[in-house]
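This structure is a prediction, so every number in the text was calculated from the model and none was measured.
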Amino acid sequence: MADPARLSGAHAILLAIHFCARGDASPLPQLQARSSATLTTERLLRIILTFLPESTEPEDYVSVVQSLVDGLPVSESQEVDISPIKDLSEDAARKRVRKIRLLPLRHPEDEDSQDPTDLLTQFIIHRAHRIDSETSLQPLILDLLLPFYQRSSTLRTWLVSCLLPLLRFNYEYYPSQDKSCSVETLESLDSQTATNILLSISGTPKNDTDLIKNLRGLVGPWMYGSNRPKRQRFSDAARRNSISLQGNVQGDENSGWEYVNEWLLSRSLVDPDAVVGAFVNWDGPEDVDLGGYVDEHERPFADRLQELRNRFGQTGLAVIYQSPEVSLDSSIRILDRVSSLLGLEEALYTSRNSSFPSVDFDASQIRSASRATLFQNALLLPTNPLTYPSLSSVSFLSGLLLSLRTLEELGHSIPCRTATNICLHSNEDMQLFELRSMMASIGQQVKSGRDWRAIRQQLLWLRDWRSETDRSQSNPDFHGLFWRAPQDVLEAEILKVLLQVREYDLAIEIYVKSASALDPAQVENAVKESVFEAYDNASNGNRTRGKMQRAHEILQAFEPHFPESTSFKQAQALISATHALSFYSLTLQHGVPFQPVSLRVHPDPLSLIGKVLDQNSKSYTKLDDLLSIGRNLVLAGFTPRPVDENTSHSHYTRAPVLTQDEALITAERRIMSLAISSALSSNDFGTAYSYILTRLTPQTTSAPAPSSLKDDITWRAVYNAGRYRPQTAPSTPPTLSSQITNLTQRMELLSLSLILAPTPDPLPEILGAWRRADEELSLLRTRESEEEDLWDTKGDNAATSRILPGGFNTSQFDTEADAHETRQHHARRAARAAQHNRLDSEEAPMGLFEVARGAARALHKNVNSSFPLSKALPIPSASSLSSSISRLDSEGGSWDGDGENPSGQEGERVRKRDVVSNMVTGGLASGIGWVLGAQPVNMNNK
């Protein structure tokens, strides 16, 4: 039996375990006083740790722990109930004690307690783990720590960096979470993982309140324990196993905040509003809520606070550069906030009153930034000249944001990263491309009441970031958004925009009537480009509509100031031609409707007139309109190319270089030829014949063709008209007289084509066609004579039948009437015979003589060079042939086959047409007679 006055060591241990297991640790100080050798403070703390239920309220045993740890004196007058062990023998007690396994005072994962004599710290931390793992009642842990955290820096650090974030996370900030975070879980996290968890648990996107609350109340306290050995071990292991921080860690104390900066930078891509709110409403690493457990002078990182501020400010600048989702206003707010936190307000231009300030910064430092400095893994490097806070970086970013605000006002928004690349990493061509793209966008923003004079000042400021006063001073070190673009190029683009928005008076006032960066030639060129840009984008050729109207208005505004401008005259002629074409229906290949740009890109614009004639019925009757279009096309600078009957597109061969006069003549010839062909295709031979006689004969041409210009167009048009035959049979058969008239006109055209032919090459072809027409005319004349004779014979028979035997007996009145009718009929026959004699002897068809004269003239032109028949054949010379024809015409006589006077007998008279025809045929029979279909003539036979 145990002696109450003196307990054995085994009995004392068993009794202490009994009290703790019962949840009552208050007798432990008295037991220690009675058995101090056995119940040491460490052993009693281990007994409490092992057997005292974790759900026991800390207030029930905190005083006991304090008494044990502090060794406070205990009154021995208090009785200790030993009834639980009084019947237990010593041996039995020892045997039971040997079976007991007490927990170690130090938690296996506790690496913070470096001092092995610090029993209290070890007990508290281990007890906290036990309470959390067994009950998850983390408020009990706080009650346990509060009486002791000021005694030990380790306990204070653990309370602030571990327990405080857990309590806020599980009970204050997010109590509705399905699963709470445990001490064991949080203790096992490295800094990067813990940062991601504590910040990502924020509420709905765009809720910056949650993010700021977590930064202050969760991450801030967590960072307080960043120097704990266990935390460092986990962070070092995580750093070795991942690519983290891009080598920019400045030390273990700073590494946790670097993870926060990285998280903010990445988060700005998906939740920009929350991140912007964090930068605007949070003061950075110094703005943390440690629950009041740490005095101000004991706050962490006091010696590195300025560096942490700089790194936080750098993150803000990096967010501006990286995230296109961050609005311009938000970017300006971030920059203002960073400048205020770091004391860089003097480098800030976004908050100044001047709309166009001169932005000054160390351009050499900024220009050293490469494209790689804008990569996400380089934005937070301390060596990044764009993001690390300094006077230069803040000033440069101020200029960029002001530029973006200006562009936004102009209706052309771009991200900050794009603007940075344009400013720093684009050559002159790239900047000009971006500049023109911006100008095109601005020109499309048509708003009433816009002050384009102020807009021009904005655009000029974008180039060099200089005020209007400083711009007049030469400063080679300026650096604006488009600083590589020459000023005159920028002014030219501004002029084009003014013309695009129809600010003609302002454009003339600035660039014509007053001194500017553009000389007259540059102004003329810019205006011309604007005209053609509007022209090429027009969908209708009518100059009173759409963009054609704008092109016409620009010319009308500037032509008086450039009266000698060739380009303006060409543009005006082009617009006139296009306007005239717009009144015709015209469809190009594959059903594409005609647009003005089709003229500019077409290799042979005059060929479009042929399409107009094909697609518009009776359009050939508007010849003067078509000729006017052709002349305007030539005046617009398009050189007509000759098109023959075998090739429809002359660009397959090299066309000769023509003067403007030659080009005008060639264009008129082509259009006349197309109109004549169209008339013939429409079976309107009369119009084609009229065009030829009134416009294509040598006497009717407006101006003599230059001697060097070969006319291979006109003669073909006339020749084709001379060969014309109706494509469809007429509904009413033509009379013999109309056939003769038509054939006579065709022969006349064939004669004219021989005169107009530029070389003797087509001579056989023309003469062959003329001979066939002549033969056909002879047949028609023969038919006409036969029909007239037949009619005369019928009339004679009708007259004589009245006096033949067996005839009816008529009165004397009838006999006299018939005699009178007979006399009239004979008179008509005599008149017709006289008419035929005149035709045969004096008035042969004009085409006959023209053929002879034309043949002679064609042979004479190239008799020695390109037509060598004069040496090989007995062809009569041009002079002898012409004189013979003239003599024949003047004498009115008749020739035989050899050209000598006949015997005078009536039956041997030969018509002059036959004489000339035989002469031409005979002279050319052995050379080109096969073309005419003639047989050789024996010149020695009469």
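- Remark: of the listed residues V718, D711, D712, D712 is the sole one forming a side chain to side chain contact (heavy atoms under 4.5 Å, CB included) with W715.
- Contact annotation: the side chain of K611 approaches that of L588 to within less than 4.5 Å [non-hydrogen atoms, C-beta and beyond].
- The shortest side-chain heavy-atom distance between Q745 and F685 falls under the 4.5 Å cut-off.
- No donor-acceptor pair under 3.5 Å is formed between the side chain of Q572 and the backbone N or O of L555.
- With values rounded to the nearest 0.5 angstrom, I575 atom CD1 is found 12.0 Å from S582 atom OG.
- The minimum heavy-atom distance between N683 and P726, with the atom names listed, is OD1-CA, 3.9 Å.
- Put simply, CD on E668 and OG on S673 are 13.5 Å apart, with the number rounded to the nearest 0.5 Å.
- The two atoms that bring L754 and L767 nearest to each other are CD2-CD2, 4.1 Å, heavy atoms only.
- Closest heavy-atom contact between L750 and Y719: CD2-CD1, 3.6 Å.
- Between the N742 side chain and the S738 main chain, no donor and acceptor come within less than 3.5 Å of each other.
- Residues L749 and Y724 fail the side-chain proximity criterion, which asks for heavy atoms closer than 4.5 Å.
- In this structure the side chain of T759 reaches within 4.5 angstrom of the side chain of P762, judged on heavy atoms.
- Remark: E776 does not engage R772 in a salt bridge, criterion side-chain N to carboxylate O under 4.0 Å.
- Residues H552 and M548 form no side-chain contact, since every pair of their non-hydrogen atoms from C-beta on lies 4.5 Å or further apart.
- Atom CD in Q556 sits 11.0 Å away from atom CD in Q549 (nearest 0.5 Å).
- Under a 3.5 Å cut-off, the side chain of S565 and the backbone N or O of F562 do not form any donor-acceptor pair.
- When every heavy atom of G637 is checked against every heavy atom of Q570, the shortest pair comes out as CA-NE2, 4.1 Å.
- For N632 (side chain) and S628 (main-chain N/O), a donor-acceptor pair under 3.5 Å exists by modelled atom type.
- In summary, R781 and E784 engage in a salt bridge, as defined by a charged side-chain N under 4.0 Å from a carboxylate O.
- Here the CD1 atom belonging to I665 is positioned 10.0 Å from the CG atom belonging to L658, to the nearest 0.5 angstrom.
- When the side-chain contact (heavy atoms from CB on, under 4.5 Å) test is applied to K622, the partners found at least two apart in sequence or on another chain are Y584, D625.
- Shown here for V597 and D536, the closest heavy-atom pair between the two residues is CB-O, 3.6 Å.
- With S678 contributing its side chain and L674 its backbone, the two residues share no donor-acceptor pair below 3.5 Å.
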What do the steps show when you test L743 against Q739 for side chain to side chain contact (heavy atoms under 4.5 Å, CB included), and what is the final call?
-> CA-CA 6 Å; L743 192 58; Q739 293 183 49; over 6 Å; no

Going through the checks in order, is the side chain to side chain contact (heavy atoms under 4.5 Å, CB included) test met by L627 and R695?
-> CA-CA 12 Å; L627 288 174; R695 296 178 182 267; 3.9 Å; yes

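- Distance check, rounded to the nearest 0.5 Å: CG of L581 to CG of L626 gives 8.5 Å.
- Here the side chain of R670 pairs no donor or acceptor atom with the backbone of I713 at under 3.5 angstrom.
- A side-chain N or O of T578 and one of Y535 form a donor-acceptor pair less than 3.5 Å apart.
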Go through F594 and L608 one step at a time and tell me if the side chain to side chain contact (heavy atoms under 4.5 Å, CB included) criterion holds.
-> CA-CA 10 Å; F594 170 78; L608 296 178; 4.1 Å; yes

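- Counting heavy atoms from C-beta outward, M747 and D774 have side chains that approach closer than 4.5 Å.
- In this structure the side chain of H602 never reaches within 4.5 angstrom of the side chain of L599, judged on heavy atoms.
- Judged by distance alone, the side chains of D661 and T659 never bring a donor and an acceptor atom under 3.5 Å apart.
- Taking CZ of F638 as the reference point, atom CG of L633 lies at 6.5 Å (rounded to 0.5 Å).
- Nearest heavy atoms, I629 versus A577: O-CB, 3.9 Å.
- Here the side chains of Q615 and T587 are in contact, with some heavy-atom distance below 4.5 Å.
- Residue R600 qualifies as enclosed at atom CZ: its count of foreign heavy atoms under 6.0 Å is above 12.
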